Amino acid sequence: MEIKDYTSPELDMSLRENAKSEFIKNLKAERLTWRIASILLPLIYTVFLITGLSYFAKNDSTSLITGKTVVFTLIGLLLLALSLFNIIYCSKVNAYTASAAYDMRHSVRRSRSSISKAACAVFNPISLLFFCKNKRLVKEKAEIFDSIIASEKETAFSYSPFPTKKKLMQLYFALLINSNLNGYFSGIIHKGDSKKYCVPGLNCYSCPGAAGACPIGSLQGAFKGGKSTIFYVFGILALYGVLFGRMICGWVCPFGFLQDLTYKLKTPKVKKSPVTRILSGLKYVILIFFVFIVPIAYAFRTTPLPTFCKYICPAGTLEGGIGLLSNKVNSSFFEMLGPLFTWKFVLMVSIILSSIFIYRVFCRFLCPLGALYSIFNRFSLFGVKVDESKCINCSLCTNHCKMDVRKVGDRECISCGDCKSVCPVDAIQWKGTKLFDRFKKDEKYKTVRNVTRGISLAVLLLFLFGAIVFFWKENDKPHIPNPDTPGVSITVPEGNTQGTLCYGSDLSIVTKDGESTESVDPQKTGKITVINFWGTWCTPCVGELPYFDRIAAEYKDSVSVIAVHSYMLWESEAEYIKENYPDSNIIFARDFAPDNENSYYSILGGTGTYPYTLILDSDGIIRKVIYSSVTYEDLKDEVEKLIG
């Protein structure tokens with residue numbers, strides 16, 4: 001049998017270089033089509049899905065869960081899945097054609113692969129043209145390319161097109177924490193019982209998709225809620241900390257996930273240094289000053305000011321602010337924007353852009369939640385640890401880590417597990433793994449391991465699917481009064497939109513001495529009625545309340561002003577009235593339920609944000625609906641129109 005020597009110098013070097021140059025040119029052209037497709041396809045399919053569901057929502061007011069919408073959603077999700085695989089395969093193509101460490105052997109092998117050809121045909125047909133060019137070139141000049149491959153040195157090239165377990169868990173928790181998908185289409189914040197509980201990661205309460213409350217926002221609001229509320233919130237955060245520590249930052253937090261994705265962009269990176277280590281202490285200053293000192297100081301005066309949420313939190317601006325403003329239902333919210341939102345928007349953009357160049361810039365330098373969890377990091381039940389008996393103090397782990405750690409598992413460690421792969425003596429382990437070592441390594445348990453993994457994956461996916469369906473059904477219910485609801489007195493429901501008879505309800509009146517036995521029905525005052533939904537915890541509400549007080553005093557004979565306090569922290573209402581409006585002409589009342597279906601706020605069309613104002617004529621007909629803060633001049637103009 002004759003063996004060819006592909007490294008023979010007899011082959012013309014110019015032929016080799018020309019063939020290689022043409023091959024690389026085609027690969028780069030194909031790579032460009034993948035990059036363009038990886039950007040455009042997800043956007044096109046997402047717009048397609050949202051537009052379609054919005055159309056169904058507009059033309060089917062009873063429920064979005066119908067046969068048509070289910071089929072349409074499945075098709076849309078399938079297209080999104082294809083675009084996701086397009087991105088994954090695009091990364092693989094990019095790796096094959098990387099200009100920095102080009103590996104001819106793997107590129108030629110791919111061009112000979114039928115599977116790669118099928119992937120091009122399914123996910124990006126345009127790239128099939130360039131792929132076929134390369135395949136034909138490699139086939140026609142097989143001897144030349146075998147010669148090139150034989151002369152190439154062995155490299156450590158390896159690339160997996162699939163996301164890591166960490167990325168999949170981050171994606172899973174981001175979806176689970178924001179499983180109220182209906183909120184993105186309706187533009188309404190969910191306010192049901194699930195909002196009583198804090199999610200582990202930083203996720204804004206006002207995000208349309210949020211299924212739970214933000215831990216930092218809840219902590220700041222708890223300072224006016226009495227001892228039980230403070231202990232409740234601290235208890236939940238302490239439980240999260242004891243169980244997971246800062247592993248929550250690395251595996252659960254949605255905003256951390258966003259920073260991980262932006263850092264993946266190919267740009268020059270700012271490495272950690274003694275300066276970044278010093279700056280990592282800034283988040284503890286923010287925790288002490290903006291989360292504890294200032295809110296507590298305001299709580300002693302009037303009501304706790306959520307300083308961090310109001311002035312800093314980029315997650316709140318992105319998820320809550322932009323999340324609500326992006327829905328045309330909330331177009332009136334643009335009237336509320338001012339210098340504060342401009343500041344927060346600029347800060348958010350700066351943080352997101354910085355995270356492209358600096359690894360987890362917000363987590364490392366600014367996040368108070370990470371600072372709080374870091375207290376529990378060394379004692380948490382889950383996370384990474386170092387087996388001191390194996391450790392050789394080579395410092396490869398700390399040098400490889402992008403966080404400002406001094407030691408694996410210290411206060412800056414987010415337990416991402418990246419350091420495990422570089423430890424030469426396998427000294428870094430997950431906490432608690434010794435309990436499962438035999439189960440993990442023994443070959444006879446292989447089937448059991450695979451079954452356990454399959455069951456665990458199925459349970460996680462079912463739980464996510466159940467959460468999405470639950471919130472979709474919960475928020476798809478029409479907001480109509482329930483005659484059996486305690487505190488609601490309705491004979492004929494009319495409406496909650498401009499030009500309809502306002503839904504009536506007997507609301508308990510609150511005075512400076514507390515809840516009284518008297519009640520008021522906004523529909524039956526016999527005067528022009530201004531209904532303002534507010535809360536002592538809501539800074540814009542407190543800021544505009546003096547305007548309602550002036551209107552109530554100046555037009556007391558013809559106008560009735562009813563300020564309805566939300567269910568949240570209503571125990572602070574009487575104290576606030578006593579301190580600020582003891583002799584006001586405003587009728588202070590109290591809402592009667594916290595959820596979307598039965599609260600008076602929701603019955604009258606509230607979409608989850610405060611303040612919210614309705615103005616009725618003397619017959620109880622709604623003449624004006626205001627979804628934002630108001631000025632004294634605005635109120636006066638509307639009232640005088642009705643009086644005139």
Side-chain angles (χ1 to χ4, degrees), residues 61 186-188 329-333 335-336 477-483 485 487-509 518-534 541 544-545 547-566 585-593 596-644:
S61 59
S186 64
I188 298 174
V329 173
N330 301 318
S331 57
S332 61
F333 290 178
E335 299 173 6
M336 300 173 63
K477 299 173 182 176
H479 291 251
I480 58 174
N482 181 358
T485 302
V488 180
S489 176
I490 300 172
T491 304
V492 181
E494 294 295 337
N496 54 22
T497 56
Q498 192 167 316
T500 62
L501 178 64
C502 177
Y503 289 126
S505 179
D506 292 325
L507 303 173
S508 298
I509 293 177
E518 299 180 15
S519 63
V520 61
D521 186 342
Q523 186 199 73
K524 301 175 181 178
T525 62
K527 300 180 180 179
I528 296 168
T529 305
V530 179
I531 309 173
N532 173 239
F533 289 96
W534 74 297
C541 303
E544 70 176 10
L545 205 57
Y547 309 146
F548 291 93
D549 185 49
R550 286 181 64 183
I551 293 294
E554 294 173 10
Y555 299 93
K556 60 182 179 181
D557 294 331
S558 54
V559 177
S560 177
V561 178
I562 303 174
V564 184
H565 194 281
S566 75
N585 289 295
I586 296 176
I587 301 173
F588 289 96
R590 178 172 291 176
D591 211 338
F592 43 73
N596 275 343
E597 185 179 1
N598 292 320
S599 68
Y600 193 53
Y601 167 83
S602 297
I603 288 172
L604 290 192
T607 58
T609 57
Y610 287 79
Y612 173 49
T613 303
L614 299 94
I615 301 177
L616 322 180
D617 62 19
S618 56
D619 296 321
I621 306 297
I622 300 173
R623 297 302 180 187
K624 186 71 175 179
V625 179
I626 306 172
Y627 287 98
S628 59
S629 296
V630 297
T631 64
Y632 169 74
E633 289 74 20
D634 293 336
L635 281 174
K636 186 174 181 180
D637 287 345
E638 294 297 333
V639 166
E640 290 188 345
K641 284 179 188 176
L642 295 177
I643 292 175

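Please read these numbers as outputs of a predicted model, since none were measured by experiment. In what follows, residues are counted from 1 in the order of the sequence shown.
- For the salt bridge (charged side-chain N to carboxylate O under 4.0 Å, His left out) condition, no pair includes a residue of residues 604-614, sequence neighbours left out.
- Applying the side-chain contact (heavy atoms from CB on, under 4.5 Å) test to Glu518 and every residue at least two apart in sequence or in another chain returns Ile509, Ser516.
- Atom CD1 of residue Ile531 and atom OH of residue Tyr601 lie 13.5 Å apart, to the nearest 0.5 angstrom.
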Indicate every side-chain donor-acceptor pair of residues 634-644 with a distance under 3.5 Å to a residue at least two apart or in another chain.
| residue | atom | partner | partner atom | Å |
| --- | --- | --- | --- | --- |
| Asp634 | OD2 | Thr631 | OG1 | 3.0 |
| Glu640 | OE2 | Tyr555 | OH | 2.7 |

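- Here the straight-line distance linking atom CH2 of Trp534 with atom OG of Ser566 works out to 9.0 Å at 0.5 Å rounding.
- Residues passing the salt bridge (Lys or Arg N to Asp or Glu O under 4.0 Å) test with Glu544: none are found, sequence neighbours excluded.
- In plain terms, the two heavy atoms of Asp591 and Tyr600 that are nearest each other are OD1-N, 2.9 Å.
- A side-chain donor from one of Thr613 and Asn532 sits under 3.5 Å from a side-chain acceptor of the other.
- Applying the salt bridge (Lys or Arg N to Asp or Glu O under 4.0 Å) rule to Lys527 yields no partners; only residues at least two apart in sequence or on another chain are considered.
- With sequence neighbours excluded, the residues forming a side-chain contact (heavy atoms from CB on, under 4.5 Å) with Thr500 are Thr497, Ile622, listed by chain and number.
- In this structure, Gln523 contributes its side chain and Gly620 its backbone to no donor-acceptor pair below 3.5 Å.
- For Thr525, the side-chain hydrogen bond (donor to acceptor under 3.5 Å, both in side chains) partners two or more places apart in sequence, or in a different chain, are Thr529.
- Here the closest non-hydrogen pair linking Asp506 and Ser519 is CB-OG, 4.1 Å.
- Within the model, atoms CG of Leu614 and OH of Tyr503 stand 12.5 Å from one another, a figure rounded to the nearest 0.5 Å.
- Residue Asn585 comes nearest to Ala553 through the heavy atom pair ND2-CA, 3.4 Å, listed as atom of the first residue, atom of the second, then distance.
- Residue pairs meeting the salt bridge (charged side-chain N to carboxylate O under 4.0 Å, His left out) criterion with at least one member in residues 602-629, sequence neighbours excluded, are Asp617-Arg623.
- Screening residues 605-614 for salt bridge (charged side-chain N to carboxylate O under 4.0 Å, His left out) gives no qualifying pairs among residues at least two apart or on separate chains.
- Note: Asp521 CG to Ser505 OG = 6.5 Å, rounded to the nearest 0.5 Å.
- Evaluation of the ring pair (Phe, Tyr, Trp, His ring centres under 6.0 Å) rule for Tyr547 yields no partner, not counting sequence neighbours.
- Applying the ring pair (Phe, Tyr, Trp, His ring centres under 6.0 Å) criterion to Phe548, with sequence neighbours excluded, gives no partner residue.
- Among all heavy-atom pairs drawn from Leu507 and Pro522, the shortest one is CD1-CG, 4.0 Å.
- For residues 549-559, every residue pair satisfying the salt bridge (charged side-chain N to carboxylate O under 4.0 Å, His left out) rule, not counting sequence neighbours, is listed here: Arg550-Glu554.
- Tyr610 places no side-chain N or O within donor-acceptor distance of the main-chain N or O of His565, the cut-off being under 3.5 Å.
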